Amino acid sequence: MQQIIKWSRKNLFATRMNTLLSLVSLWLIYVTIDGVASWAFINASFLGADKASCIANPHGACWPFVTAKLNQFIYGNYPAGEQWRVNIVFALGALGLGLLMTGCISFKKQLAVLMLTAYPVLTFILLSGGLLGLSYVETNQWGGLLVTLVIAVTGIVVSLPLGILLALGRRSELPIIRMMSVVFIEFWRGVPLITVLFMASVMLPLFLPEGMNFDALLRCLIGVSLFASAYMAEVIRGGLQAIPKGQYEAGKSIGLSYWKSMRLIILPQALVISIPGIVNTFIGLFKDTTLVMIVGIFDLLGIISFHFTDPNWTSPQVPITGFVFAGLVFWVFCFAMSYYSKSVERRFSVTGENK
Amino acid sequence: MSEKHIIVINQLDKYFGDFHVLKNINLSVAAGEKIVICGPSGSGKSTLIRCINHLESHDGGDIIVDGIPLDDRVKNIDHIRSEVGMVFQQFNLFPHMTVLENCILAPVWVKGVPRPEAEALALQYLERVRIPDQADKYPGQLSGGQQQRVAIARSLCMQPRIMLFDEPTSALDPEMIKEVLEVMVDLAEQGMTMLCVTHEMGFARRVADRVIFMDEGEIIEENTPTSFFDNPQNNRTKLFLSQIIGD
């Protein structure tokens with residue numbers, strides 16, 4: 001107790017200004033917590049099969065809407081009998097990532113390779129089916145969190161290597177490679193993502209020959225990936241430029257070829273420097289996936305807003321609750337990425353001081 | 001061109017833009033010979049030795065290293081680089097790798113030496129530069145003198161026939177210069193062909209077979225260390241020596 005008083009004297013009430021600021025801050029914290037708690041818990045309705053209970057509690061959240069629709073929020077219109085396939089994909093993904101992150105296994109490299117090669121193939125087979133006796137599920141039945149994750153993970157996994165290649169290309173001594181990289185990066189960076197998605201879903205089919213058409217979700221995936229690659233390239237270029245010229249020269253002088261020297265010397269250092277920027281881009285990409293709603297693909301946010309129109313659930317609190325729920329889910333994923341990136345930064349800290 | 005010459009440089013010209021940095025350089029180095037190159041800053045001495053392993057490309061003349069002409073053929077460049085070691089003023093160790101990993105990188109990835117063999121070799125060279133006990137540390141944890149000795153060991157691990165030194169002691173505190181020079185003297189005594197850009201005149205006197213003085217992209221004077229220091233011929237050499245010794 002004595003220590004608490006001592007601590008607060010020193011840190012909260014040291015001067016008159018300090019005391020004033022502390023009191024104002026405490027008041028702000030109180031107001032926020034009070035408002036959130038009374039909306040989310042005290043005045044909220046928790047049980048109910050339709051809007052009745054929500055209309056009865058007009059000043060609180062309408063959680064029954066979320067629990068009743070949770071299945072659609074996660075799977076979209078994925079057939080109920082086939083949702084186990086999605087669950088397997090989720091479980092394997094979580095297991096793989098979890099093992100990679102905790103980092104106390106000896107076969108980490110092999111697992112990473114597996115996650116980048118076998119896992120996407122397996123995911124594709126499981127989700128779309130049409131093979132191995134699995135029934136075919138068209139992508140327009142996919143939705144919700146499933147679509148959000150498919151787009152975000154594809155974007156992340158494609159944009160990192162592509163971004164590395166583009167960044168190296170932009171710094172290449174070969175003029176044609178350099179020019180092509182610059183044009184690619186500046187083109188994709190200069191166009192809004194919404195335009196890219198519109199082009200992919202509306203314009204592209206007009207240019208394709210008659211009868212040739214490919215999947216709307218796939219077109220979005222390609223658009224999002226290329227868009228993210230351009231951003232990633234510039235983040236990584238920043239890291240490359242921070243590496244002293246002497247490192248390149250040392251690599252050359254011991255006889256390493258360009259690719260070996262990039263892989264063994266330059267990129268390991270440049271990527272570590274770029275981690276904050278890379279994760280920033282990942283997080284931006286994750287949230288940008290909500291834009292696919294514009295072209296009729298129902299991601300998490302899209303499917304939540306779609307269900308606002310359900311006549312069984314028309315209550316003033318339903319949209320607010322839906323948006324808060326969507327925000328929470330996005331926040332959890334983004335915060336997890338941010339938190340994990342900090343531990344990666346520490347682990348790969350270049351100086352070796354933290355090892 | 002004689003057989004015993006391991007490096008032959010003929011009428012070498014190099015420009016940085018409009019600046020004529022190397023002017024008609026002719027230099028032959030015999031196997032096992034130790035050459036010290038000195039001269040004021042901007043005289044082109046670093047550029048000259050950086051041309052020998054093609055960190056800089058040249059614009060005219062020929063460079064032949066161990067019988068291989070240095071041209072734009074990548075295969076020749078790679079071959080020459082694996083025979084020529086280089087030590088830099090700023091050490092240029094790889095900060096994300098331990099000392100041992102720094103040393104085995106090139107043998108493993110360029111020559112394809114199996115890892116245990118490369119490690120044994122690396123430890124042997126680390127012993128030779130007198131820091132075998134630092135093998136598992138990171139470069140950032142070592143002093144400047146230790147780092148430079150690791151850099152020498154890293155080059156030696158490729159078992160080069162020629163070593164280039166680009167002002168190896170200029171970035172070091174005075175008390176660390178000695179430990180690096182001692183390693184270089186050892187190396188010289190074991191018969192390595194060495195080209196060394198340095199202002200360490202004591203080292204030049206003790207080790208060099210020839211001292212070369214460069215100014216404004218030209219070789220002004222070359223001689224044995226004794227004649228060079230005691231009886232310089234050219235006025236620019238005299239001026240330079242008086243400034244160095246005046247320090």
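Here is the naming used below: chain letters follow the sequence lines, and residue numbers restart at 1 for every chain. None of these values were measured; they are calculated from a predicted model.
Nearest heavy atoms, A/A250 versus B/R154: CB-NH2, 3.6 Å.
Interface remark: B/V87 contributes no atoms to any contact with chain A (heavy atom separation under 4.5 Å). Heavy atoms closer than 4.5 Å to chain B are found in the side chain of A/K260, but not in its backbone. Contact annotation for B/I80: neither backbone nor side-chain heavy atoms come within less than 4.5 Å of a heavy atom of chain A. Using a 4.5 Å cut-off between heavy atoms, B/F88 touches chain A through its side chain atoms alone.
Sparse packing is recorded around CD1 of A/I176, with 12 or fewer heavy atoms of other residues, nucleotides or ligands lying under 6.0 Å away. The environment of A/M180 atom CE is sparse: at most 12 non-hydrogen atoms of other residues, nucleotides or ligands sit within 6.0 angstrom. Counting heavy atoms of neighbouring residues, nucleotides and ligands inside a 6.0 Å radius, atom CD of A/Q3 does not exceed 12 of them. Counted within 6.0 Å of CD on A/Q110, heavy atoms from surrounding residues, nucleotides or ligands total more than 12; the atom is thus considered enclosed. Applying the 6.0 Å contact sphere to CZ of B/F16 captures more than 12 heavy atoms from other residues, nucleotides or ligands. Summarising the local packing, NZ of B/K111 is surrounded by more than 12 heavy atoms from other residues, nucleotides or ligands at distances under 6.0 Å.
A side chain to side chain contact (heavy atoms under 4.5 Å, CB included) with A/I254 holds for exactly one of B/L105, B/V110, B/N92; it is B/L105.
Annotation: the span from A/K252 atom NZ to B/D78 atom CG amounts to 11.0 Å, rounded to 0.5 Å. Atom OG in A/S261 sits 7.5 Å away from atom CZ in B/F94 (nearest 0.5 Å). Here the CG-CH2 distance, from A/L256 to B/W109, works out to 9.5 Å after rounding to the nearest 0.5 Å. Note that the CE atom of B/M86 and the CD atom of A/E249 stand 7.5 Å from one another [nearest 0.5 Å].
B/P95 is listed as a side-chain neighbour of A/Q269, based on a closest heavy-atom distance under 4.5 Å.
Using modelled atom types, one side-chain atom of A/Q247 and one backbone atom of B/L93 make a donor-acceptor pair closer than 3.5 Å. B/H96 places a side-chain N or O within donor-acceptor distance of the main-chain N or O of A/L264, the cut-off being under 3.5 Å.
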